[in-house]
Every structure is written in structure tokens, then in C-alpha cells.
Amino acid sequence: MSPFAIILPAAGRSVRFGGTRGKLLEPLAGEPVLRHSVRAFLCRGDVASIVLATSTDDISALTDALGSEARDPRLRFCRGGESRAESVRNALEAVPPEIHWVAVHDAARPLVSQEVIDRTFDAAREHGAAVPALPVALTIKRAAGPLPAKVEQTVPRHTLWAMQTPQAMRREELAEAYAACQLPLDQITDDAQLLELICREVWLVRGDEHNLKITTRTDLKVAEMILADCERP
């Protein structure tokens with residue numbers, strides 16, 4: 001079975017989270033958020049490499065946060081960028097050339113399950129690219145902001161899906177998409193968007209409500225509650 005390289009963009013400044021050390025170093029069930037995210041992939045036999053894209057100033061702190069996982073030979077660091085997409089591009093260049101599949105995972109999604117990873121990897125191998133997703137449950141209005149603003153349209157939500165990660169695809173196609181991209185990279189909001197821009201198919205698979213992205217301190221509290229509930233007999 002063809003192995004994957006995992007790209008973890010981890011160069012964000014955690015502005016909405018606040019604090020000085022950043023959300024990836026915050027404790028979650030007694031261990032840093034980043035360690036949970038990395039461990040989810042290091043335990044897999046079909047993961048041959050993990051590349052963390054981060055600031056050079058953060059490497060020492062992140063290495064300490066990873067503990068024994070930092071000694072795994074599959075783990076490496078690379079320089080992050082000014083945007084998420086730029087960090088992913090830098091990490092893509094650091095993936096060992098013999099690996100032909102990559103999956104990009106938000107470093108701040110520490111509760112990703114093995115079932116979600118399995119579904120995503122399997123669908124990517126079958127279709128070329130796959131992303132876990134959840135149906136949008138909220139009513140969505142289109143309006144020209146900032147608020148207050150007049151509603152222009154209610155968007156039908158039965159065709160809307162909220163993206164999660166990991167987002168898995170062929171390495172060569174992601175590299176091709178970066179080379180062809182004419183948009184500023186700070187306008188690229190996820191990796192599947194790059195493939196869409198070069199007319200490659202992206203398939204959605206069932207995501208998981210527990211696979212939340214920690215953006216605020218409230219998200220961290222929710223993750224704590226999820227883990228505590230999972231540990232109850």
C-alpha cells in the first residue's frame with residue numbers, strides 16, 4: 001500500500017486564541033495539542049513522513065512539546081510561510097521524493113480519529129483526492145459585509161459541506177496546482193481548492209464532529225470535554 005507523507009502547517013500566530021505560547025503548546029488532557037495531532041499519524045504504518053512547517057523560532061518549543069515523538073525518524077521540520085498555503089508549499093518541497101501521496105492536516109485538530117484518516121486515505125487512493133466533510137447545519141445568508149448589511153440571498157444548505165482535514169491527494173498534482181495557481185496564496189483557504197483550480201476531482205467523505213479545529217479557548221474546553229467523555233467507562 002502506497003505510504004503517505006503528512007504535512008502539518010504549524011506556523012500560525014494563534015491571534016484569535018490569545019496568550020503568548022500559542023494554541024499548539026496548550027495542554028489538552030495533560031499533553032500539548034500538537035502532540036495529540038502528531039501522534040494520530042505516527043501510530044500508522046502507512047505514514048512514511050511527517051513534515052511540520054513552522055517558524056524557526058518555534059522549533060525548540062515544539063520539539064519539547066512533542067516529547068518522545070520528536071525522536072521518530074519520520075518527523076522533520078521546515079520553514080513556514082506567511083500564509084497557510086505558503087507553509088504547505090514549503091513542506092511539500094521537503095517531502096521525500098519517493099513518496100507520491102500527501103495529506104495535509106491542521107496541526108490544531110488534535111482529535112482526528114483513525115476512522116476518519118482511514119476513510120480519507122482510502123478515498124484518495126481510489127479517486128485521486130479526498131477530504132472529510134460535515135453537512136452545514138446552519139442557515140447561511142449571503143450579504144455584502146461588514147455588518148450591518150442587507151441580506152441578498154439565503155443559500156440552499158443541502159449542497160453545502162464544511163471541510164475538515166486531513167486532505168489527501170497525489171503529491172504531483174498538488175505540486176502542479178501550486179505551480180499553476182494565479183491567486184495570491186493568502187486567498188487559498190484549503191488544499192482542495194488548489195486542485196479545484198486546475199480542474200482535478202476532489203471527493204468528500206464523512207467527517208467527524210469531534211474532529212474540531214482549535215481556534216479559540218472555548219474550542220480547547222470543548223476538546224477537553226470530548227476527551228473526558230471518551231475516557232468514561
Side-chain angles (χ1 to χ4, degrees), residues 1-10 37-38 40-53 74-76 78 81 83-109 111-136 158-213:
M1 186 175 293
S2 299
F4 277 82
I6 309 302
I7 292 173
L8 293 172
S37 302
V38 169
F41 295 96
L42 283 180
C43 72
R44 299 181 61 91
D46 58 357
V47 169
S49 178
I50 297 180
V51 183
L52 277 80
R74 292 173 291 174
L75 189 67
R76 65 181 66 188
C78 78
S83 65
R84 181 187 187 279
E86 187 177 344
S87 290
V88 172
R89 183 184 62 185
N90 292 350
L92 187 64
E93 295 173 353
V95 171
E98 67 274 12
I99 301 177
H100 299 291
W101 291 94
V102 296
V104 184
H105 183 65
D106 295 323
R109 289 188 190 268
L111 303 187
V112 61
S113 69
Q114 296 304 306
E115 291 77 15
V116 167
I117 299 172
D118 286 340
R119 284 195 292 270
T120 306
F121 284 12
D122 289 346
R125 291 186 179 104
E126 180 178 356
H127 300 291
V131 179
L134 292 176
V136 172
H158 67 278
T159 61
L160 299 180
W161 299 85
M163 299 297 98
Q164 296 187 333
T165 65
Q167 301 196 358
M169 60 210 68
R170 292 186 178 92
R171 172 194 179 160
E172 293 81 1
E173 291 192 351
L174 183 57
E176 177 187 351
Y178 269 109
C181 183
Q182 297 183 9
L183 292 177
L185 290 183
D186 61 3
Q187 294 181 20
I188 301 298
T189 57
D190 76 348
D191 315 288
Q193 182 184 359
L194 285 162
L195 296 188
E196 295 162 28
L197 291 173
I198 61 170
C199 301
R200 296 293 188 272
E201 289 187 352
V202 177
W203 287 65
L204 303 183
V205 298
R206 178 166 49 89
D208 183 354
E209 290 183 353
H210 289 178
N211 186 21
L212 78 167
K213 183 178 181 182

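As the structure is a prediction and not an experimental result, all values here were calculated from the model.
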Minimum heavy-atom distance between Gln193 and Ile188, given as atom pair plus value:
OE1-CA, 3.4 Å
Counting N and O atoms only, with roles assigned by atom type, does the side chain of Gln167 sit under 3.5 Å from a partner on the main chain of Ala192, one being a donor and the other an acceptor?
yes
Only pairs under 3.5 Å count here: list side-chain donor-acceptor contacts from residues 180-187, not counting sequence neighbours, and write none if there are none.
none

Expected output: side-chain Tyr178 to main-chain Ala85 donor-acceptor under 3.5 Å:
yes
Between Arg171 and Leu174, does the side-chain contact (heavy atoms from CB on, under 4.5 Å) criterion hold? Intermediate values first, please.
CA-CA 5 Å; Arg171 172 194 179 160; Leu174 183 57; 5.9 Å; no
With side-chain contact (heavy atoms from CB on, under 4.5 Å) as the test, would you mind laying out the steps for Arg119 and Glu115 before giving the verdict?
CA-CA 6 Å; Arg119 284 195 292 270; Glu115 291 77 15; 4.0 Å; yes
Minimum heavy-atom separation for Phe121 and Ala103, please, with both atom names.
CE1-CB, 3.7 Å
Rounded to the nearest 0.5 Å, how far apart are NZ of Lys213 and NE2 of His105?
10.0 Å
Does Arg84 have any salt bridge (charged side-chain N to carboxylate O under 4.0 Å, His left out) partners at least two apart in sequence or in another chain, and if so, which?
Asp106, Asp191
Does any non-hydrogen side-chain atom of Ser49 lie less than 4.5 Å from one of Arg76?
yes
Using side-chain heavy atoms (C-beta onward) and a distance below 4.5 Å, is Val112 in contact with Pro166?
yes
Hey, does the side chain of Ser37 reach the backbone of Ala107 with a donor-acceptor pair shorter than 3.5 angstrom?
yes
Can you tell if the side chain of Gln114 reaches within under 4.5 Å of the side chain of Ile117, non-hydrogen atoms only?
yes
Quick check for you: to the nearest 0.5 Å, what is the distance between Leu8 atom CG and Arg109 atom CZ?
12.5 Å
If I compare all heavy atoms of Thr120 with all of Pro132, which pair ends up nearest, and what's the gap?
OG1-CD, 3.6 Å
Only distances under 3.5 Å count here; give the side-chain donor-acceptor pairs of residues 201-211 to other protein atoms, sequence neighbours excluded, each with its distance to 0.1 Å.
| unit_1 | atom_1 | unit_2 | atom_2 | d |
| --- | --- | --- | --- | --- |
| Glu201 | OE1 | Trp203 | NE1 | 3.1 |
| Asp208 | OD1 | His210 | N | 3.0 |
| Asn211 | ND2 | Gln164 | OE1 | 3.3 |
| Asn211 | ND2 | Thr165 | O | 2.9 |

Point-to-point distance, once rounded to the nearest 0.5 Å, from CG of Leu42 to CG of Leu75:
6.5 Å
Met163 and Ala133 have their tightest heavy-atom pair at CE-CB, 3.5 Å
Please check this pair: side chain of Ser87 against backbone of Gly81, looking for a donor-acceptor N/O pair closer than 3.5 Å.
yes
From Asn90, Val88, Val51, residue fulfilling side-chain contact (heavy atoms from CB on, under 4.5 Å) relative to Pro9
Val88
Can you see which heavy atom on Ala48 is nearest to which on Arg74, and at what distance?
O-CG, 3.4 Å
Carefully, step by step, assess Arg170 and Arg200 under the rule side-chain contact (heavy atoms from CB on, under 4.5 Å).
CA-CA 11 Å; Arg170 292 186 178 92; Arg200 296 293 188 272; over 6 Å; no
Aromatic plane relationship, Trp101 with Phe4 - under 30° parallel, 30 to 60° tilted, over 60° perpendicular
tilted
